[in-house]
Amino acid sequence: MNTNILLKAGLMAVALATTALSSAASAETLRVMQGSVSAPLKVPMNRAVVVESDTPFAELSIANPGIADISTLSDRSIYVLGKTPGRTTLTLLGPDGRLISNVDVHVTPDIAEFKERLQQILPGEPIEVRTANDGIVLSGVVSSAAKLDRALDLANRYAPERVSNLMSVGGTQQVMLKVRFAEMQRSVAKNLGVSLAAQGGSKIGIGAETGTWLSGNNAIGNPVEVAPGTRGALGLGFTAGSVQFAVLLEALESKGVVRTLAEPNLTALSGQEAKFLGGGEYPIPVLTSDGVVIDYKPFGVELNFTPTVVDGDIINLQLNAAVSSIDTTITIESGGFSINAFKRRETSTTVEMRDGESFAVAGLLQDDFRNLNNQLPWIGDVPILGALFRSADYQRNQSELVIIITPHLVTPTKGDVYALPTDRVRLPSEREFFLNGTVATAPRGAAGEVARQDFSSSYGYVME
């Protein structure tokens, strides 16, 4: 009697615990009816479900115990626990050994908790979660690439290396980058030199720059030869009896300003690299074992960038921009070839900004100064009179460079709204050219109206 009471109490406790565990795990109950095809039994991993049979069974078997574990609660109830993702078969046999049913057990990753966490971390994002084999499939349209990465990172926590990404990013994903190169170069050079010469029985010369006031063995009375490249030279000479005097004054002041401006624009899809080169290629001979091979070095305006729309209108830019030109002041002679050097201003950086914002990604302020004073010892230090025995040279070069970038989110527009540079000019007829001297005229019609407009801002794209 006591044994029966204890057995019943034990079975009741097991049933209550099983019921509580199943309820906590949100487990489902599958009912197996004899003579019917059983529906697949989906069991979340590390969760349990209860299988009930209308017919009492006498024997149970599971094809792969590593995928699911089973235990009996009664002759009509079965407790199935999912262990690892996969598919296996549960077989029920009656007391007479006949087959009651084969149940297809499909253990899947537990996505209930994953869905809850996904809604907490990314509220409002229409991401659909499904299971496929032993992995997770994500689909839907998210608002940014950053939120897509967050969803994938979270999914990898629940199914490492078993996540299929079918999501796409909505919104504008094309970026136009506007780069402005601005450089100013200023140079100032001043020099003042004085040379004296006297000749009686022999020639006597006094000067800071030998050879600029007299060339070779020429007499003073002959024309004074000035060195090539010298400007602002004045030579004076006179004779007193048998003595001849000559004076050469050199004074030069030069000023120069150079302005360089380039504005390349380039459009690329988010995550894709875009390249731009406006210039040419310079041939450079290279000596190899097979002889001389011509290699080409690009120069001009170069722009390489990779945009990534991170979140909304926040854009991450990997940028490499350069402006180069041939420097004819430096020449190398090699193997019968004359090769010039290059001037190059380059920047390579990664920045992040919003649509329409600007960033000065590079800047350079350079100030070169040189002051040279040549004089005869002691005599050049004499006040006022010493200026006749001195040569002063003053040079100053200043350079200022700035590179500014501005990204824009853009979308395509209709082709008929574009205005090309060639649309603003119409070639003249023979009559207009020969009789009126017309070189080019504005086109007629709608194209001419567009050509006469003043496009003072960016156009050609739809700015977000």
Side-chain angles (χ1 to χ4, degrees), residues 174-187 256-269 272-307 317-351 358-366 368 397-408 410 418-427 439-440 451 455 458-461:
Q174 296 181 111
V175 180
M176 183 191 73
L177 182 64
K178 179 180 180 181
V179 182
R180 286 176 288 173
F181 296 87
E183 182 178 14
M184 289 292 297
Q185 296 180 0
R186 297 177 291 271
S187 62
V257 176
V258 178
R259 175 179 179 266
T260 303
L261 181 63
E263 294 190 19
N265 295 343
L266 193 58
T267 303
L269 187 65
Q272 301 296 320
E273 183 183 14
K275 298 182 179 181
F276 173 84
L277 173 62
E281 292 186 337
Y282 185 76
I284 299 177
V286 179
L287 183 61
T288 63
S289 58
D290 298 331
V292 178
V293 178
I294 301 299
D295 189 16
Y296 291 90
K297 180 178 179 62
F299 68 93
V301 180
E302 302 175 61
L303 175 60
N304 299 342
F305 85 106
T306 303
L317 292 174
Q318 296 180 6
L319 175 70
N320 189 353
V323 174
S324 58
S325 59
I326 300 175
D327 188 1
T328 57
T329 60
I330 302 176
T331 304
I332 300 175
E333 299 289 341
S334 176
F337 295 95
S338 179
I339 306 173
N340 296 115
F342 281 81
K343 292 181 179 179
R344 186 175 179 87
R345 283 80 72 198
E346 182 178 6
T347 180
S348 179
T349 184
T350 301
V351 294
S358 297
F359 221 130
V361 296
L364 172 66
L365 181 60
Q366 187 174 357
D368 296 332
N397 297 319
Q398 293 178 313
S399 176
E400 186 176 359
L401 170 68
V402 64
I403 301 177
I404 301 175
I405 61 172
T406 305
H408 293 282
V410 296
Y418 287 111
L420 302 178
T422 54
D423 296 338
R424 305 183 184 185
V425 177
R426 181 179 66 86
L427 297 179
V439 177
F455 295 94
S458 300
Y459 63 95
Y461 294 94

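- I332 contributes atom CD1, which lies 9.5 Å from atom CD1 of I284 (distance to the nearest 0.5 angstrom).
- Put simply, CD on E273 and OG1 on T306 are 4.5 Å apart, with the number rounded to the nearest 0.5 Å.
- To the nearest 0.5 angstrom, N304 atom CG is 11.0 Å from L177 atom CG.
- Minimum interatomic distance between V402 and A360 (heavy atoms only, all atoms of both residues): CG2-CB, 4.4 Å.
- If you take CZ on F276 and CD on E302, they are separated by 10.5 Å, rounding to the nearest 0.5 Å.
- Contact between D327 and N340 at its shortest, heavy atoms only, is O-CB, 3.6 Å.
- Annotation: side chain of E400 is in contact with side chain of R186 (closest heavy-atom distance under 4.5 Å).
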Taking it one step at a time, do K275 and L277 satisfy side-chain contact (heavy atoms from CB on, under 4.5 Å)?
CA-CA 7 Å; K275 298 182 179 181; L277 173 62; over 6 Å; no
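- To the nearest 0.5 Å, atom CD1 of residue I404 and atom CZ of residue R180 are 4.5 Å apart.
- Nearest heavy atoms, Y296 versus E281: CB-OE1, 3.6 Å.
- In this structure the side chain of N320 reaches within 4.5 angstrom of the side chain of E346, judged on heavy atoms.
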Under the criterion side-chain contact (heavy atoms from CB on, under 4.5 Å), I'd like the reasoning laid out for F342 against I326: C-alpha separation, chi angles, the key distance, then a yes or no.
CA-CA 5 Å; F342 281 81; I326 300 175; 4.1 Å; yes
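- Here the shortest heavy-atom pairing between Y282 and S338 reads OH-O, 3.9 Å.
- Here the CE-CG distance, from M184 to L365, works out to 12.5 Å after rounding to the nearest 0.5 Å.
- With hydrogens and angles disregarded, no donor-acceptor distance shorter than 3.5 Å links the side chain of S324 to the backbone of K343.
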Stepwise, does the side-chain contact (heavy atoms from CB on, under 4.5 Å) test hold for L319 with L303?
CA-CA 8 Å; L319 175 70; L303 175 60; 3.4 Å; yes
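- Side-chain contact between F181 and R345 is absent, with no heavy-atom pair separated by less than 4.5 Å.
- Residues Q185 and E183 have side chains that bring a donor and an acceptor to within less than 3.5 angstrom of each other.
- Contact check for V323 versus L401: no side-chain heavy atoms found under the 4.5 Å cut-off.
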